[in-house]
2 protein chains.
Amino acid sequence: MTTRSSTDANRVIPEATVARLPVYLRALTALADSGIRTCSSEDLAIAAGVNSAKLRKDLSHLGSYGTRGVGYDVDYLRYQIAREIGVTQDWPVVIVGIGNLGHALANYSGFRSRGFRVVALLDADPQLIGQTVAGVAVRAFDELEAIVQEHDVAIGVIATPAVAAQSVADRMVAIGITSILNFAPAVVAVPDGVDVRKVDLSIELQILAYHEQRKANGADAAAAAAAAVTVDGGAA
Amino acid sequence: MTTRSSTDANRVIPEATVARLPVYLRALTALADSGIRTCSSEDLAIAAGVNSAKLRKDLSHLGSYGTRGVGYDVDYLRYQIAREIGVTQDWPVVIVGIGNLGHALANYSGFRSRGFRVVALLDADPQLIGQTVAGVAVRAFDELEAIVQEHDVAIGVIATPAVAAQSVADRMVAIGITSILNFAPAVVAVPDGVDVRKVDLSIELQILAYHEQRKANGADAAAAAAAAVTVDGGAA
DNA sequence: TAATGTGAAGTTATTCACAGCA
DNA sequence: TGCTGTGAATAACTTCACATTA
């Protein structure tokens, strides 16, 4: 028996949908900022860069927050999505590795405005410790445990060089962090129950390069393919 | 008739596979650096953080580069993947928007080492123009066209604030750039034939927050679900 | 009547499990 | 014998198309 109430907290939201909810949230905020009170799935889909069928299917996993014949109330839907993904609450975050990228992350205003509060910046380099970045003092990596306990940190960001990433992750996990955002170009292994997401700048460029290469070969490849078909076809 | 030779450049590689090839490439490089000459699909899968069946299926789309009973030659496979994704060639790149993130990207050594060469840094802010970042002078955004033509740039990186992203993208597309990596927290629309990939720092954190929230609710939710099942079950 | 919410169909991706080969 | 490469099975995701409802 798996009968469930409509507000069941265990209702499963597909991972692909979860990944798009923040996009919808941002699009709704943009609509609200331009004074729009109500929108159709088509309007919102355009603002979010997806098609409307996908948008409606995604929203249907959260509940039924629209009005047939009318559309969605922008503020109401925005609140529902924010609540669903947890950005109505405050998330203390630590950033480990204050190089160029760590600096940029510490200064990134988009975190703060979405409920993420950088409570500490940590680095292993004694030269950096004590410096202030984005109004926060850089502290020794050793202080991780104390900071995590003091602020009840659940999310850690790794912006170290690749070689340090696994040991930083291990330490984070040992101390009780259960979500990690990894910017280091390295695979980090973690136990079950800990989530890791990876952002890899050069991988993104490599994916673009692959498609770019195919486009560049397009004319040639089309000709080659035609030739191949002719030859193969003749042989078959 | 769609008969094709084994070296057919038009062979389709699934998008999900394309996105993992750079990960395999990095894992192979790490293996090579530690002196390993040969590896099994299991070894490489562990190094890349995937399971071995998926790895073998992915590699099967490129061709048959392993030896049954033995495994893969690390250098040979590495070369084949590099060639497939196009990182054996040089890709000139322009970065637009030299704020904190633009700085970090300009300084990121991982680009250069993977065949991406930052040929120009552009910004609209006159204060920044003329400054040198990572050994490259910051130039006016207006110079985009001249730079793209001079260096035959196909890939552009947007690291501007959100409001500027669409107009920068429009300009890039008008000038002939066909691949864009967008770090601005905004959806950018481009015509068919142009690829855009988006890296959004706060979206990644929001996805983690969603799962974190579910974990935090875990004990409660499990209890609630059990209660709900009892009640619902009793009612049914 | 206009737009949501959703079964059903279609597509893509993952995993299984083993035939085939060095 | 051991490991690759791959059909077949399964799962996840997307899109279609329309019944439903304010």
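Just so we're on the same page: letters track the sequence lines, and every chain starts at 1. Only this structure's heavy atoms are used, side chains among them; waters, hydrogens and symmetry mates stay out.
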task = Write out all pairs satisfying salt bridge (Lys or Arg N to Asp or Glu O under 4.0 Å) with one or both partners inside residues 41-54 of chain A, taking only residues at least two apart or from two chains.
result = none
message = Show every side-chain hydrogen bond (donor to acceptor under 3.5 Å, both in side chains) that has at least one partner inside residues 180-196 of chain A, sequence neighbours left out.
response = Asp195(A)-Lys215(B)
key: Start and end of chain A contact along DNA chain D [non-hydrogen atoms, under 4.0 Å]   = dC13(D) to dA22(D)
task = Tell me, please, which residues at least two apart from Lys198(A) pass salt bridge (charged side-chain N to carboxylate O under 4.0 Å, His left out).
result = Asp200(A)
Contact state string [nucleotides 2-12 of chain C, B base, S sugar-phosphate only, - no protein heavy atom under 4.0 Å] = BBBBBBB----
Selection residues 58-86 of chain A - residue pairs positive for salt bridge (Lys or Arg N to Asp or Glu O under 4.0 Å), sequence neighbours left out = Arg11(A)-Glu84(A), Arg20(A)-Asp58(A), Asp75(A)-Arg78(A)
task = Go through the structure and list residues passing ring-ring contact (aromatic ring centres under 6.0 Å, His included) with Tyr210(B), not counting sequence neighbours.
result = none
key: Qualifying side-chain hydrogen bond (donor to acceptor under 3.5 Å, both in side chains) pairs, either residue in residues 86-96 of chain A, two or more places apart   = Asp90(A)-Arg117(A)
note = By side chain to side chain contact (heavy atoms under 4.5 Å, CB included), Ile36(A) pairs with (sequence neighbours left out) Leu31(A), Ser34(A), Val74(A)
